[in-house]
Amino acid sequence: RQMCIRDRMNVPLLKDETTLGSSPGADIPAKGFLVKAVQAKVVRAAGGHHLISLGGWRAVKVNGRKVSDAMLKPGDVITIAGRIFTYKQA
């Protein structure tokens, strides 16, 4: 499975834990004034991946709903401070 950033860049989810944030060390960049260094993480789980919000000013949303933890399904749209990501089946 992979994350697609605005339908431009596909990022395979190969690690047990993949970070999203503004830090140069984040696995998936989510640049923005109000984005934490690590805003969220995608964790491999049985049967797929969980998205876990790590708090901060901006909410992490899946399909328009604010979440703290969500099991991802192919086609889910994740929004972090205006950055849009799509969870896809590879």
I need the minimum non-hydrogen distance between S53 and V60, along with the two atoms involved. OG-CG2, 3.5 Å
Could you walk me through whether T18 and D27 pass the side-chain hydrogen bond (donor to acceptor under 3.5 Å, both in side chains) test, one step at a time? CA-CA 6 Å; T18 302; D27 299 309; 4.7 Å; no
How close do L51 and A40 get, heavy atom to heavy atom, and via which atoms? CD1-CB, 4.1 Å
What closest approach, in Å, do A30 and F85 show between heavy atoms, and which atom pair accounts for it? CB-CZ, 3.9 Å
Measure the spacing between CD1 of I80 and OG of S22 and express it to the nearest 0.5 Å. 10.5 Å
Euclidean distance, L13 CG relative to N10 CG, rounded to 0.5 Å: 10.0 Å
How close do A26 and A37 get, heavy atom to heavy atom, and via which atoms? CB-O, 4.3 Å
Under the side chain to side chain contact (heavy atoms under 4.5 Å, CB included) criterion, do V43 and I52 qualify, and how do the steps go? CA-CA 8 Å; V43 178; I52 301 169; 3.8 Å; yes
Please output the side-chain donor-acceptor pairs of residues 64-77 that fall under 3.5 Å, not counting sequence neighbours, one pair per line with the distance.
{"residue": "D69", "atom": "OD1", "partner": "H50", "partner atom": "ND1", "Å": "2.9"}
{"residue": "D76", "atom": "OD1", "partner": "N63", "partner atom": "ND2", "Å": "2.8"}
{"residue": "D76", "atom": "OD2", "partner": "K73", "partner atom": "N", "Å": "2.8"}

When rounded to the nearest 0.5 angstrom, what distance separates CD1 in I28 from CG in L20? 4.5 Å
So does G55 get a backbone contact from the side chain of Q39, meaning a donor-acceptor N/O pair under 3.5 Å? yes
